[in-house]
Every structure is written in structure tokens, then in C-alpha cells.
Amino acid sequence: MGQAVALITGAGRRLGLHMTKGLLEQGWRVMALSRSTGGELGDMAVANQNLTVIACDALDDRSVDEAITAIKAETNSLDFILHNASIYEKDAAHAEDECAFYDALYQIHMKLPARLNQALSTLLQNSQRPTANIIHVTDIYASNPNPEYALYCSTKAGLENLMLSFAKRLAPRVRVNAIQPGPIKFLPEHSDGDKKQVLSETLLPVEGGFEALEQAIQSILNNEYMTAAVIRVDGGRSVT
Ligand SMILES: NC(=O)C1=CN([C@@H]2O[C@H](COP(=O)(O)OP(=O)(O)OC[C@H]3O[C@@H](n4cnc5c(N)ncnc54)[C@H](OP(=O)(O)O)[C@@H]3O)[C@@H](O)[C@H]2O)C=CC1
Ligand SMILES: Nc1nc2c(c(=O)[nH]1)N=C([C@H](O)[C@@H](O)CO)CN2
């Protein structure tokens, strides 16, 4: 079996960058989609021939078309797609541009994953592994929305529904699953009060860390009997 090939969206920072590094360390070839081809990701690509950085802005259809063309020029088979790219902002922050914000959330959480799954389905069917994998990274809020993030949550719910359709459409050669993260990694803009409040509502009151998601991703990749499944990685937050 040849070298496994993964495609990661939103690879430029945090979980996307963490998973890019992890899969490279395991010997995978990684196609990393990012709005910027520079920075740490670009530096890594100069030093590691197993990493290809491809520019992709989900909000620009031409950029997505060009990224799909570039992926197909790089490989004729694909073993894993991680739909990680995301925008996370409160509705209240977009009172003046609510429609444009909702369009952006749809484009990044639903349109981009649907287009990549459809456009790359032949590459996935050519996978050299027993099955190819697609993982949609959603959110515990997809099942039980936080009304302050209604627009974000609804598009994550749409991403989860797309997972079910692609699981039905692409079986049995391709397994499609979703992971619902909880309080994995706060953002710099989170205050200490925000963090304390969230963790006080979480059975395991700590940030899970990207390693917790990586373990769940690996468990899906290694289990040939998992498809159309939704795996929560949230420290129990979703039941409080
Ligand atoms: N962190 C957490 O605690 C939680 C995370 N999640 C989910 O887990 C996933 C990873 O989380 P995290 O790493 O914190 O996410 P971030 O918000 O830090 O990063 C998301 C990525 O999305 C990409 N992105 C943003 N805008 C665009 C765009 N217009 N076009 C293409 N890509 C874009 C960026 O990639 P680049 O800069 O390379 O373009 C960025 O790396 C996300 O799907 C998130 O919704 C869910 C619940 C909790
Ligand atoms: N794209 C993102 N989505 C989400 C994030 C994030 O940082 N980026 N974070 C959360 C969590 O609420 C976290 O901030 C604290 O629990 C949800 N989605």
C-alpha cells in the first residue's frame, strides 16, 4: 500500500495545524488548505516534501475551484478529508451585516465541505486503504444550539446533516463521520470569567486540548465499522 494522503481544511492554525503536524509525523502526505500559503504552514512545506499547502478561501468560489484543480493535479487518490475550516462569532457581533455573515457561515461550514466531498469522490474511491474517510468537525451546539450563536449553530447542524447524506452516498468505499467538540481550546478573546463559566458547566472541568480530538479522529480512522456516527468530545458539557 502506498503513502496515505490526507486533505485538511483550515490547516493554518490550532486544530488544523495540529492535525497537519500529527499526520505528517505518522508518515501521511498532507494537502493543507489555508487562506494563506505563508506562515508556519508555508515554512513547514519548504522543509517537508510530504506537505503541500494549497490556497483556499471558502468565501471565494473561484478560490475553491482552483483549490480543487490543484488537489487533482497533486494526487489521483485520497484517503482522508478533515472538514475543519470554520468561523465562530456571536450573532450580536454581526447586527449590521447579518446576511453577509450568514452567507459566510454557510459557505465555510456547508458549501465548501459539500463541494469538496462531491468533487473529490473519485479520488476517495481510489483510496489504497480498506476504506477512505471523511470527518466533518461540527460542535455539540449542532444538537443543542446556544442562541447567542444561532447562525453558527444552524450551519454546524447543516454540516452534520451533510455527513449523513455523504455516508449513505459514498458507502461502502468511503466512511463519513462527525466529531462534536466541546470546550477544546479557548480563543484569546475569551476572558477568564468566560472560561471559568464554561468549565463550571463541564463535568470534566478542563479544556480538552487538540490532542483529545486527535485521539477521536484516530479512533474513527482505525475502526472499519464506523460510518454515519457522531462522536462527542466535550468533557461531558453537553449533558449539564
Ligand atoms: N476550539 C474549540 O474549543 C472548539 C472547536 N470546534 C470546531 O473544531 C474545529 C477546529 O477548531 P479551532 O481550531 O478552534 O478553529 P479556529 O476557529 O481556530 O480555526 C478554524 C480554521 O478555519 C479556517 N478559516 C477561517 N475562515 C476561513 C475561510 N474564509 N476560508 C477557509 N478557511 C477559513 C482557518 O484556516 P486558515 O487560517 O488556515 O485559512 C482556521 O484555521 C472548527 O471546526 C470548530 O468549529 C467546535 C467546538 C469547540
Ligand atoms: N471555529 C471555531 N469554532 C468554535 C470555537 C473556536 O475556537 N473556533 N470554540 C468553541 C468553544 O465554545 C470554545 O471557544 C469554548 O468552549 C466553539 N466553536
Side-chain angles (χ1 to χ4, degrees), residues 7-21 30-42 44-45 53-64 66-67 82-90 100-101 103-113 115-116 135-146 148-149 151-153 155-160 163 178-202 204-214 216-217 230-238 240:
L7 173 68
I8 298 177
T9 68
R13 66 176 187 230
R14 291 163 58 91
L15 179 66
L17 186 59
H18 179 90
M19 284 307 303
T20 296
K21 292 176 178 177
V30 178
M31 308 274 156
L33 297 192
S34 179
R35 288 165 298 174
S36 165
T37 56
E40 182 177 357
L41 203 55
M44 286 166 57
V53 183
I54 296 171
C56 180
D57 181 346
L59 310 187
D60 177 344
D61 285 347
R62 176 178 297 181
S63 171
V64 176
E66 290 170 354
L82 181 66
H83 291 301
N84 166 71
S86 174
I87 299 171
Y88 176 63
E89 293 168 11
K90 287 186 174 180
F101 176 52
D103 286 344
L105 287 167
Y106 161 73
Q107 286 176 280
I108 194 168
H109 290 158
M110 296 177 68
K111 187 175 176 182
L112 177 65
R115 289 200 60 207
L116 290 175
I135 295 178
H136 293 201
V137 183
T138 62
D139 192 309
I140 54 174
Y141 288 163
S143 305
N144 178 19
N146 177 336
E148 291 187 274
Y149 293 86
L151 303 184
Y152 163 88
C153 296
T155 54
K156 283 289 191 174
L159 177 59
E160 201 153 289
M163 175 277 289
I179 286 178
Q180 290 188 343
I184 290 298
K185 185 72 74 174
F186 292 111
L187 286 159
E189 52 262 38
H190 279 111
S191 69
D192 288 343
D194 292 337
K195 296 175 185 178
K196 192 173 180 181
Q197 176 65 32
V198 169
L199 296 181
S200 71
E201 300 162 352
T202 305
L204 306 176
V206 293
E207 279 181 303
F210 297 131
E211 298 76 10
L213 291 181
E214 182 176 21
I217 289 166
V230 179
I231 308 296
R232 284 199 309 261
V233 185
D234 71 345
R237 176 168 171 73
S238 54
T240 60

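It should be emphasised that the depicted structure is a prediction, and the values quoted were computed from it without experimental measurement. Counting starts at 1 for both ligands and their atoms, following the listed order. The residues of the chain are indexed from 1 along the displayed sequence.
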How close does the nearest protein non-hydrogen atom get to atom 7 (O) of ligand 2, and which residue and atom is it?
Arg14 NH2, 3.0 Å
Is there at least one pair of N or O atoms, one from Tyr141 and one from ligand 2, spaced under 3.5 Å apart?
no
What about Leu187: any of its N or O atoms under 3.5 Å from an N or O on ligand 1?
no
Purely on distance, is any nitrogen or oxygen of Phe210 under 3.5 Å from one on ligand 1?
no
With heavy atoms under 4.0 Å as the rule, classify the contact between Glu207 and ligand 1 as side chain, backbone, both or neither.
neither
Ser86: numbered ligand 2 atoms lying under 4.0 Å from its heavy atoms
1 (N), 2 (C), 3 (N)
What part of Ser36 sits under 4.0 Å from ligand 1 if we count only heavy atoms: the side chain, the backbone, both or neither?
neither
Side-chain H-bond candidate by donor/acceptor type, Tyr152 with Asn146, under 3.5 Å
no
Find out whether Glu214 and Ile217 are in side-chain contact, i.e. whether some heavy atom of one side chain is under 4.5 Å from a heavy atom of the other.
no
With a 4.0 Å cut-off on heavy atoms, does Gly182 reach ligand 1?
yes
Which is closest to atom 14 (O) of ligand 1 in terms of heavy atoms, Gln180, Arg237, Arg14?
Arg14
Contact with ligand 2 for Arg237, non-hydrogen, under 4.0 angstrom
no
Are any of the N/O atoms in Gly16 less than 3.5 Å from those in ligand 1?
no
Has His190 got any heavy atom lying under 4.0 angstrom from an atom of ligand 2?
yes
What atoms of ligand 2 come closer than 4.0 angstrom to any heavy atom of Asp139?
17 (C), 18 (N)
Heavy atoms only: which of Asn84, Leu17, Val198 is nearest to atom 9 (C) of ligand 1?
Asn84
Backbone, side chain, both or neither: what part of Ile184 comes under 4.0 angstrom of ligand 2, heavy atoms only?
neither
Go through ligand 2 atom by atom and flag the ones less than 4.0 Å from a non-hydrogen atom of Phe186.
15 (C), 16 (O)
Report yes or no: does a heavy atom of Tyr152 sit under 4.0 Å from some atom of ligand 2?
yes
Between Ala11 and ligand 1, which part of the residue brings a heavy atom under 4.0 Å of the ligand: side chain, backbone, both or neither?
backbone
Does ligand 1 come near enough to Ala58 that some N or O of the ligand is less than 3.5 Å from an N or O of the residue?
yes
Can you name the atoms of ligand 2, numbered from 1 with element, that are less than 4.0 Å from a heavy atom of Pro183?
16 (O)
Is the contact between Thr138 and ligand 1 made by the side chain, the backbone, both, or neither, using heavy atoms and a 4.0 Å cut-off?
backbone
Report yes if some N/O of Ser86 lies less than 3.5 Å from some N/O of ligand 1; otherwise report no.
yes
Taking only heavy atoms of Tyr88 into account, list the atoms of ligand 2 that are under 4.0 Å away from them.
1 (N), 2 (C), 3 (N), 4 (C), 5 (C), 6 (C), 8 (N), 9 (N), 10 (C), 11 (C), 12 (O), 14 (O), 17 (C), 18 (N)
Per atom 35 (O) of ligand 1, closest listed option by heavy atom (Cys56, Gly10, Ala67):
Gly10
Show which atoms of ligand 1 fall inside a sub-4.0 Å distance from at least one heavy-atom site of Asp57.
28 (C), 29 (N), 30 (N)
